[in-house]
Amino acid sequence: MHRWSRLFIPTLREAPADAEVASHKFLLRSGYIRQLGAGIYSYLFLGQRSINKIVDIVRQEMDTIGQEFLLPTIHPAELWEESGRWTGMGQNMFRLQDRKGTWLCLGMTHEEVMTDLARKELRSYKQLPQIWYQIQTKFRDEPRPKAGLLRVRQFIMKDSYSFDIDAAGLDVSYTKHDQVYRNIFTRCGLSFVAVEADSGAMGGSQSQEFMVYTDAGEDLIVSCPNGDYAANLEKATSQLAPITELAPTGDGKPELVHTPGKASIADVAEFFQISPAQDIKTVAYMAEVRDGKKARWEPVVAFLRGDHSVNETKLAGLVKANELRPMVAEELEKYLSGPAGYLGPIGLKVAKSLHDGDVSVILDKSLEGRENMVAGANKLDYHFRNVTPGRDFTWTIAADIRNALEGEGCPVCGSPLKIGKAVEVGHIFKLGQRYTEGMGSRVLDPNGKEVIPTMGCYGIGIERILTASIEQNNDANGFWLPPAIAPFDVVVTITNASDQNLLAAGTGVAEALEAAGFDVLLDDRDERAGVKFKDADLVGIPYRINVGKKTAEGKVEMVTRGTASSEDIAIAEVANVMRVKTGR
RNA sequence: CGGGGAGUGGCUCAGCCUGGUAGAGCACCUGGUUCGGGACCAGGGGGUCGGAGGUUCGAAUCCUCUCUCCCCGACCA
């Protein structure tokens, strides 16, 4: 029996000034967490109980497809040097030295450790497939921790890794995770959506994120209201409405026009009396390309419609860049011979193929087939009109490199797309052979031939499930969690604990609920009823039973936090009503 | 890393500009009255004013350096 009077549940009447998003404020006010440093938090009694419930669900579901391990937090640097990520992870990795001066790091993910196990232990196709998982604290030195538990430097992650003999096997492991993840998030009571995700520079063929819509989220999700398409903005595509072509002027060839001071798309469009969609936007980058162990910077110039924006994730993936940064003035002069504001496609030394030494020119597909557009002339205060892609300039690659916009057509059905903010709670990812190949994992197939196992990796952010749930379920007075992940199913509030009859009745109700299998918090504190009601509303427990006024008549009041509805029920019926409400 | 903001009792904040014995509300302790939506009265405890250096007879307050935290951006398997 958990008696509130004996517990440490430090609720706050006011939120600390540091907290901005709802989940951060309420996690602090409800006494779930306390901050130790930037992105570093202690989980107190209520917080830990909720985390434990989430972990239990994750473990139960994962055990249906995999085996739980617990891997080291501290990893030798050599292991990460083998995979190339000791330098590749950059500043996000916490590093330390032991007394001998040997470099180590705190695990930010466990591909290396898992692959090390695999290469040492797995010898035969008969041992495959394997799905190994763990629930472990991860450390990432985020450049900017924020929003309470949403982006932190230390957090609990369920991460799993599959090893299969071939791509068909990986498909199976991946699909199993997809289903188990859906089970997990459903059991946690989250309203979530699975979206296509960018596979990142690490390669890999297929990737899906599990997202929860909330304004506190950091990702943008493009989705079709009909439900037949959903993708991260980093990956999303869309159908465009046709554009009416501009009529050519003069002899129809590119015509130089003096456009003094017209350096923005809006200014140019106004000057030429056209819409921004008739203008060619030029965006010039330097891309860091890794060639073996060496990295070098190459020029990349992107052309898009004036009303579109560059999707740097797509562009970086296309040109195989680790990093993109805008060109500085000297680089613009060197590669385009023009100043910012007047850049354009005509007269560039266009690379025939990527990385051949000339400027990689990437044409957004929306410009293919367009005619007589307006573009910068690579000369201060001048633009061209009558610019037609293909006739007047060439490119290295034409591809989709733009961000989809709200209202554009769904790529499947054409309906207007919506864009919303969301938090990523899970990610499943086909890794392929990047680690197994590089780190020398080999097994024999049925023909006795050596093959490289193929991997998948799959993550779930435990705290993010809690955070996302709070973001979905809160009001001015606090929040309410689904019973499956709440620290307690129900709080029994004795309105006047100094009344021995009420105390006895409340204790009896709590005992009956516990006997029925519910997690019960008995609020027996010697506080005024108002204080206890406020606290109960605050701390995320989905149901409250008031033992007070009507108890002499054999009744108590049951309050459902999420709907604020209440009903009087007979004391003897309390457990049954809870069973009905929770479906247990 | 760039830009902005903030460090004064557990929490929210005032005081700083214009230097002169550190304050309020909430929280906490004691006593009393109250007791179904964050009660009231009386008394009380608790603060190196983030840190270091400097200016000054005197620094929370002015100057220099520094640390930490928050927000926007960059970043992000």
Side-chain angles (χ1 to χ4, degrees), chain A residues 10-21 24-25 28-29 31 34-41 83 85 88-93 107-112 138 140-148 150-153 155 157 159-161 197-204 206-209 218-219 232 234-235 312-313 316-317 322-326 423-424 426-432 434-435 455-461 476-478 493-499 502 523 525-538 544 546-551 556-557 559 564 566:
Chain A
T11 58
L12 300 173
R13 187 177 294 217
E14 293 173 281
D18 287 349
E20 296 247 326
V21 302
H24 188 195
K25 284 181 192 167
L28 288 167
R29 284 192 56 201
R34 285 294 183 264
Q35 182 169 25
L36 184 61
I40 308 174
Y41 289 87
S83 69
R85 294 208 292 182
M89 280 304 183
Q91 296 289 300
N92 263 19
M93 182 182 268
M108 46 196 300
T109 176
H110 282 74
E111 280 81 6
E112 279 81 356
K138 306 285 191 202
R140 295 184 186 178
D141 193 3
E142 290 287 343
R144 190 152 91 79
K146 59 185 283 199
L150 219 47
R151 178 162 292 279
V152 288
R153 298 197 292 172
F155 59 97
M157 179 185 247
D159 51 322
S160 47
Y161 305 85
D198 177 55
S199 322
M202 289 304 182
Q206 193 178 356
S207 171
Q208 186 170 268
E209 289 168 333
E218 300 179 282
D219 286 283
N232 195 305
E234 292 179 345
K235 169 100 176 178
E312 294 189 2
T313 304
N322 306 305
E323 199 181 326
L324 287 176
R325 65 165 174 80
V423 172
E424 177 185 355
H427 195 165
I428 60 176
F429 190 74
K430 289 186 182 175
L431 263 183
R434 180 187 189 287
Y435 295 91
M455 280 178 79
C457 69
Y458 318 87
I460 288 179
N477 295 319
T493 301
I494 301 171
T495 57
N496 181 357
S498 59
D499 180 329
L502 290 184
D523 192 351
R525 290 176 299 167
D526 185 18
E527 290 282 354
R528 297 165 63 85
V531 171
K532 293 194 264 196
F533 292 155
K534 288 289 186 187
D535 272 344
D537 285 349
L538 177 62
R544 183 176 90 220
N546 292 335
V547 176
K549 279 178 180 168
K550 291 157 187 157
T551 302
V556 292
E557 187 178 12
V559 181
S566 69

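In what follows, chains carry the letters A, B, and so on, assigned in the order in which the sequence lines appear, proteins first and then strands, with residues in each chain numbered from 1.
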Both distances under 3.5 Å, Watson-Crick or G-U wobble: report the partner of [N], or none.
N     : result
B:C28 : B:G44
B:A22 : none
B:G2  : B:C72

Report which part of the nucleic acid [X] touches: base, sugar-phosphate, or nothing (heavy-atom distance under 4.0 Å, all strands).
X        : value
A:Arg151 : base
A:Arg34  : nothing
A:Asn546 : base

Taking atom [atom1] in both [N] and [M], compute the distance separating them and give it to the nearest angstrom.
N     : M     : atom1 : value
B:G46 : B:U64 : C1'   : 33 Å
B:C75 : B:U61 : P     : 40 Å
B:U56 : B:U68 : P     : 31 Å
B:A27 : B:A59 : P     : 36 Å
B:C11 : B:G3  : C1'   : 30 Å
B:A22 : B:C35 : C1'   : 37 Å
B:C16 : B:G23 : P     : 15 Å
B:U8  : B:C65 : P     : 22 Å

Candidate pair A:Asn477 and A:Phe533, rule side-chain contact (heavy atoms from CB on, under 4.5 Å), full reasoning: CA-CA 10 Å; A:Asn477 295 319; A:Phe533 292 155; over 6 Å; no
Taking atom [atom2] of [N] as reference, at what distance in whole Å does atom [atom1] of [X] sit?
X        : N     : atom1 : atom2 : value
A:Arg140 : B:C76 : CZ    : P     : 12 Å
A:Lys532 : B:A39 : NZ    : P     : 12 Å
A:Phe533 : B:G38 : CZ    : C1'   : 12 Å
A:Leu150 : B:C76 : CG    : P     : 18 Å

Can you name the residues that form a side chain to side chain donor-acceptor pair (under 3.5 Å) with [X], not counting sequence neighbours?
X        : result
A:Thr313 : none
A:Glu527 : none
A:His24  : A:Tyr41
A:Thr551 : none

Out of curiosity, [X] [atom1] to [Y] [atom2], how far, rounded to the nearest 0.5 Å?
X        : Y        : atom1 : atom2 : value
A:Arg528 : A:Asn496 : CZ    : CG    : 10.5 Å
A:Arg151 : A:Glu142 : CZ    : CD    : 4.5 Å
A:Asp159 : A:Met108 : CG    : CE    : 12.5 Å

All salt bridge (Lys or Arg N to Asp or Glu O under 4.0 Å) counterparts of A:Asp537, not counting sequence neighbours: A:Arg544, A:Arg561
Salt bridge (Lys or Arg N to Asp or Glu O under 4.0 Å) against A:Arg140, all qualifying residues, sequence neighbours excluded: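 With sequence neighbours excluded, A:Arg140 shows a salt bridge (Lys or Arg N to Asp or Glu O under 4.0 Å) to no residue whatsoever.
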Along RNA chain B (nearest heavy atom to each residue), the more 5'-positioned of A:Glu218 and A:Asp526: A:Asp526
Upstream residue (5' side of RNA chain B) when A:Pro143 and A:Thr11 are each assigned their closest nucleotide: A:Thr11
Name all residues meeting the side chain to side chain contact (heavy atoms under 4.5 Å, CB included) criterion together with [X]; count only those two or more places apart in sequence or in a different chain, and write none if there are none.
X        : value
A:Glu14  : none
A:Ala38  : A:Pro145, A:Arg153
A:Glu312 : A:Tyr285, A:Val310, A:Leu324

Close N or O pairs between protein and nucleotides 26-31 of chain B (under 3.5 Å):
residue, atom, partner, partner atom, Å
B:A27, OP1, A:Arg13, NH2, 3.4

Nucleotide-resolved protein contact map, nucleotides 66-72 of chain B, B/S/- at heavy-atom distance under 4.0 Å: ---SSBB
When you compare the protein's N or O atoms with those of nucleotides 40-44 of chain B, which come within less than 3.5 Å of each other, and at what distance?
none

Shortest side-chain distance from A:Arg29, nucleotide among B:G38, B:C76, B:U34: B:G38
Check: B:G38 base within 3.5 Å donor-acceptor of A:Asp535 side chain: yes
